[in-house]
A.B. asks: 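Just passing along the structure, written as structure tokens.
Ligands are counted one by one from 1 in listed order, and the atoms in each one are counted from 1 as well. All values derive from a computational prediction rather than experimental measurement.
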Amino acid sequence: MEKLLCGVDLGGTKLSVGLVYPDGRIFDKITVYDHAAKREEAIVNYITQLISQVISKNKLSESDLEGIGVGFPGHVRYRDGYTITTSNLKGFKNFPLRDSIRKSFSIPVRLDNDANAQAFCEFKFGAGRGYDDLIFLTISSGIGAGIVLNRKVYRGITGTAGEFGHTIVDPDSDFECTCGNRGCLMGCACGLTLPARFRKKIAQGFKTTLPIGNEFDFSQVNGKLIKQGLDIDDPVSKAIVTECADYIGIGIYNIFQVFNPPIIILGGGLMNLGEFYFSCIKRKFYELARDMIYDPIEIVKSEAEADAGLIGAAALLLE
Ligand SMILES: [Zn+2]
């Protein structure tokens with residue numbers, strides 16, 4: 001049997017550990033949701049325990065695996081295998097995550113930013129198959145991205161390249177990003193901005209047709225509610241989605257100017273807002289790029305499913 005790849009998707013809400021075939025199909029996985037409150041060492045122990053569990057549960061041994069790939073939701077020093085910082089978990093400031101996991105196993109361990117892993121997953125198995133270069137952007141509660149150039153992830157000197165979520169698109173914005181700067185693409189257009197945008201629209205006198213009462217708790221506004229709004233033609237939801245999509249359009253216009261890539265792939269939970277959102281993003285992009293486009297650029301939705309993080313982490317071993 002061809003060796004399996006072990007993937008670890010360490011997220012802020014979900015921790016998935018799984019075995020993946022070299023063609024990207026999942027062999028088996030274990031997912032837990034009770035890790036985020038733990039400290040670094042406890043999370044490392046949890047991860048090693050889950051890896052051992054998924055191996056023994058399938059009557060396999062370490063020698064049946066090519067290695068372990070770990071996707072981390074924050075900045076990573078790639079060569080050294082250290083995490084730099086994250087807004088999704090406690091701690092992990094300059095933490096040797098790769099070697100902390102590696103000391104329990106005898107197979108290689110790779111650690112990278114989760115969006116880099118997903119970008120490589122798109123290149124190997126997803127919407128970017130057949131392209132030598134691509135840019136991947138994931139838009140959900142945060143905004144992450146990855147760059148594939150010449151069939152390899154481009155990481156920069158430290159490993160933090162491709163953090164388009166923290167490029168500044170509106171320095172005068174009311175929205176502060178989790179990084180502390182004002183007007184980051186992520187600060188302006190990620191899922192976390194939806195409650196504040198909704199509250200602001202209502203305060204400005206816009207009327208929503210969503211069935212919310214007077215006592216409505218605006219912190220409950222999320223992508224799902226806004227999608228319900230779009231489905232009933234709610235003017236507030238449409239206005240918010242247009243504003244957020246415009247920022248993403250500006251973001252991918254900037255990416256176009258820097259990289260001139262043949263394809264930009266958009267993934268993440270907010271893409272579930274559907275065609276209205278996607279078409280607003282593209283409209284803004286083409287409005288800005290106009291006749292500067294010569295070769296066509298594909299702007300497409302990710303083909304990856306909910307396990308993209310896990311498969312991407314495993315795919316790091318194929319790079
Ligand atoms: Zn930022």
A.B. asks: Tell me whether the NZ or CZ atom of K284 lies within the 45° cone about the ring axis of Y253 and under 6.0 Å from its centre.
C.D. replies: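 No - K284 does not lie over the ring of Y253 by the 6.0 Å and 45° rule.
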A.B. asks: Do Q220 and D217 have side-chain N/O donor and acceptor atoms under 3.5 Å apart?
C.D. replies: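 Present: a donor and an acceptor within the cut-off.
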A.B. asks: Listing by chain and number, which protein N, O or S atoms are under 2.8 Å from the Zn ion (ligand 1)?
C.D. replies: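 Counting only protein N, O or S atoms under 2.8 Å from the Zn ion (ligand 1), the list reads H166 ND1, C177 SG, C179 SG, C184 SG.
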A.B. asks: I want to check a possible cation-pi pair here: K200 against F198, using under 6.0 Å from ring centre and within 45° of the ring axis as the test.
C.D. replies: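 Because its charged atom misses either the 6.0 Å distance or the 45° angle limit, K200 does not stack over F198.
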A.B. asks: State whether a side-chain donor-acceptor pair under 3.5 Å links Y247 with E243.
C.D. replies: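 Their side chains do not contain a donor-acceptor pair, so the 3.5 Å distance test is not met.
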A.B. asks: Whether K201 engages the ring of F206 as a cation-pi pair (distance to the six-membered ring centre under 6.0 angstrom, angle to the ring normal within 45°) should be assessed.
C.D. replies: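 Judged by the rule (NZ or CZ under 6.0 Å from the ring centre, within 45° of its axis), K201 counts as positioned above F206.
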A.B. asks: Please state whether the rings of F27 and Y21 are parallel, tilted or perpendicular, taking 30° and 60° as the class boundaries.
C.D. replies: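 Judged by the thresholds at 30° and 60°, the geometry between F27 and Y21 is perpendicular.
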